[in-house]
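All remarks here apply to the structure that follows.
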Amino acid sequence: MDAARLDLDGKPIKAMTICMIGAGGFIGSHLCEKLMAETPHTVLAVDVYNDKIKHLLGPDDGQESNQHAWAGRIHFHRLNIKHDSRLEGLIKMSDLTINLAAICTPADYNTRPLDTIYSNFIDALPVVKYCSENGKRLIHFSTCEIYGKTIGSFLPKEHPLRQDPEFYVLKEDASPCIFGPIEKQRWSYACAKQLIERLIYAEGAENGLEFTIVRPFNWIGPRMDFIPGIDGPSEGVPRVLACFSNNLLRGEPLKLVDGGQSQRTFVYIKDAIEAVLLMIENPARANGQIFNVGNPNNEVTVRQLAEVMINVYSKVSGEPGLDAPMVDVSSKEFYGEGYDDSDKRIPDMTIINRQLGWNPKTSLSDLLEATLTYQHKTYAEAVKRATAKSVASS
């Protein structure tokens with residue numbers, strides 16, 4: 001590894017210790033890989049599970065067979081930030097804290113609104129407090145959901161201004177945050193995330209907290225979400241791409257909620273992690289900033305996403321598609337009472353491009369091929385293990 005790594009302003013990058021909360025999840029696992037492979041930084045990996053980062057851990061964390069070039073630079077700490085006094089000590093030991101912890105599954109927003117609010121606001125409060133009181137820098141992961149509904153969504157469907165980017169492209173420093181009525185508990189997640197953003201921003205203004213807020217727009221790739229009963233709980237509804245993956249793997253029709261007319265953008269996890277590394281190593285450019293991290297070039301309706309995934313999965317698996325590959329369901333039937341949705345989520349990329357020079361690279365078809373190849377392999381291995389276990393017990 002080159003010892004003379006430079007930041008965007010040509011200054012040497014110093015090795016740092018990073019307390020990463022939620023390190024065992026989808027984003028955390030990819031970020032840990034990047035930090036171990038390409039930087040000299042040390043990671044204090046905080047989570048209740050470590051399945052997705054076991055391949056990075058060494059003998060000190062119970063992985064005796066793993067010998068890595070980065071030995072001694074990643075340490076797993078199994079703790080729940082809700083009620084563990086060790087958290088402040090880990091933050092004090094670090095130069096930077098990255099908070100990835102959240103409940104971020106749409107099906108939970110209106111079926112578990114209290115857990116959603118507590119997880120995304122109440123449980124995040126101590127992290128902000130410890131960083132502020134101890135003079136530690138914070139990178140906090142928020143969500144594109146804090147924008148809520150677009151201004152254009154309130155215009156008549158045929159109104160020409162609905163096609164004007166000023167009415168739907170989401171800007172960190174200009175777009176309003178528009179949510180549905182209180183009885184639509186789907187907005188519990190967005191409200192909690194917005195309030196913790198406002199708290200962080202206020203800590204910066206009043207107490208000098210150095211912070212960066214990240215608003216992810218549908219980061220996609222291997223190890224994302226879960227496939228029920230395979231790499232996650234048997235019950236539950238993951239996000240849209242993992243739902244579709246689950247249907248494809250099991251040979252079931254893809255369920256389109258309310259016709260699949262909502263529009264989304266998708267960005268490849270490895271592109272997004274490049275952006276996060278730039279934030280980590282360029283504090284002078286990232287502090288005090290809120291960054292959209294997405295790929296506006298990969299914009300599709302949910303129905304179009306389903307069509308592309310069906311074609312890509314057929315290529316990856318070699319399996320023929322179903323005669324009726326998609327089926328429409330209502331949001332009430334799929335998510336339960338109290339669901340609501342935003343029409344579009346298209347990020348403006350001006351600020352991140354200006355501050356960090358970052359642009360995503362991977363096309364939608366390429367990121368779906370990488371993701372579905374991984375999931376097809378994972379599913380096949382799980383089925384093989386289950387079959388072997390059934391034979392052995394019979």
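Only a predicted model underlies this, so the values are computations on that prediction, with no experimental measurement involved.
Contacts of Val300 classified as side-chain contact (heavy atoms from CB on, under 4.5 Å), with partners at least two apart in sequence or in another chain: Phe266, Gln304, Leu305, Leu364. In this structure, the side-chain contact (heavy atoms from CB on, under 4.5 Å) partners of Asn207, at least two apart in sequence or on a different chain, are Ser132, Glu203. In this view, Pro216 and Phe141, Val214, Trp219 satisfy the side-chain contact (heavy atoms from CB on, under 4.5 Å) rule, not counting sequence neighbours. In this view, Glu210 and Asn287 satisfy the side chain to side chain donor-acceptor pair (under 3.5 Å) rule, not counting sequence neighbours.
Screening residues 311-322 for side-chain hydrogen bond (donor to acceptor under 3.5 Å, both in side chains), with sequence neighbours left out, gives Lys315-Glu369. A side-chain hydrogen bond (donor to acceptor under 3.5 Å, both in side chains) check over residues 114-125, counting only residues at least two apart or in different chains, returns the pairs Arg112-Asp115. Listed by first then second residue, pairs satisfying salt bridge (charged side-chain N to carboxylate O under 4.0 Å, His left out) with a partner in residues 154-165 number zero, not counting sequence neighbours. Applying the salt bridge (charged side-chain N to carboxylate O under 4.0 Å, His left out) test to every pair with at least one member in residues 130-146, sequence neighbours left out, gives these pairs: Lys129-Glu133, Glu145-Arg186, Glu145-Arg345.
Taking a cutoff of 4.0 Å between a charged side-chain nitrogen and a carboxylate oxygen, Arg223 and Glu33 qualify as a salt bridge.
Grouped by direct or indirect side-chain proximity (heavy atoms under 4.5 Å, Ile/Leu/Val/Met/Phe/Trp/Tyr only), Leu161 sits with Ile151, Phe154, Leu155, Phe167, Ile178. Hydrophobic side-chain contacts under 4.5 Å tie Val169 into a cluster, directly or through other members, with Tyr168, Ile346. Cluster partners of Val48, using a side-chain heavy-atom cutoff of under 4.5 Å among ILVMFWY residues and allowing indirect links, are Tyr49.
No side-chain N or O of Asn298 forms a donor-acceptor pair with one of Thr265 less than 3.5 Å apart. Side-chain contact of Thr301 with Gln261: a donor-acceptor pair under 3.5 Å is absent, judged by distance alone. For Ser245 and Gln375, the side-chain atoms include at least one donor-acceptor pair closer than 3.5 Å.
Without hydrogens or angle criteria, Arg86 side chain to Leu79 main chain gives no donor-acceptor distance under 3.5 Å. Proximity of a side-chain donor or acceptor of His75 to a complementary backbone N or O of Thr42 within less than 3.5 Å is not detected. Panel note: side chain Glu274, backbone Ala272; no donor-acceptor pair is recorded below 3.5 Å. Remark: the backbone N or O of Asp366 is paired with a side-chain donor or acceptor of Ser363 at under 3.5 angstrom. The closest donor-acceptor contact from the side chain of Asp271 to the backbone of Pro360 lies at 3.5 Å or more, if one exists at all. In terms of modelled atom types and a separation under 3.5 Å, the side chain of Trp70 and the main chain of Leu56 share a donor-acceptor contact. Remark: the backbone N or O of Ala242 is not paired with any side-chain donor or acceptor of Asn246 at under 3.5 angstrom. Checked by atom type and distance alone, the side chain of Ser153 pairs as donor or acceptor with a backbone atom of Thr150 at under 3.5 Å. Side-chain atoms of Trp358 do not come within 3.5 Å of backbone N or O of Val276 as any donor-acceptor pair. Distance alone, capped at 3.5 Å, places no donor-acceptor pair between the Asn50 side chain and the Leu57 backbone.
The neighbour count for Lys34 NZ, taken as heavy atoms of other residues, nucleotides or ligands under 6.0 Å away, is above 12. In the displayed structure, Lys255 atom NZ is contacted under 6.0 Å by at most 12 heavy atoms of other residues, nucleotides or ligands. Under a cut-off of 6.0 angstrom, the local environment of CZ in Arg354 is crowded, with over 12 non-hydrogen atoms contributed by other residues, nucleotides or ligands.
With Tyr109 as the fixed residue, the ring-ring contact (aromatic ring centres under 6.0 Å, His included) test singles out one of Trp187, Tyr189, Phe179: Tyr189. The only option from Thr371, Ile220, Ile27 that meets the side chain to side chain contact (heavy atoms under 4.5 Å, CB included) definition with Ile269 turns out to be Ile27.
In this structure, CZ on Phe211 lies 10.5 Å from CG on Leu199, to the nearest 0.5 angstrom. Distance check: Leu372 CG to Tyr374 OH gives 12.5 Å after rounding to the nearest 0.5 Å. Between the CD1 atom of Ile273 and the CG atom of Leu31 there is a distance of 4.5 Å, given to the nearest 0.5 Å.
Between Thr212 and Phe291 the shortest side-chain heavy-atom distance falls below 4.5 Å. Within the 4.5 Å cutoff, no side-chain heavy atoms of Asn292 are placed close to those of Lys171. Between Val240 and Arg264 there is no side-chain heavy-atom pair separated by less than 4.5 Å.
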For residues 9-20, dump all side-chain donor-acceptor pairs below 3.5 Å to protein atoms at least two apart in sequence or in another chain.
residue : atom : partner : partner atom : Å
Asp9    : OD1  : Arg285  : NE           : 3.2
Asp9    : OD1  : Arg285  : NH2          : 2.7
Asp9    : OD2  : Arg285  : NE           : 3.3

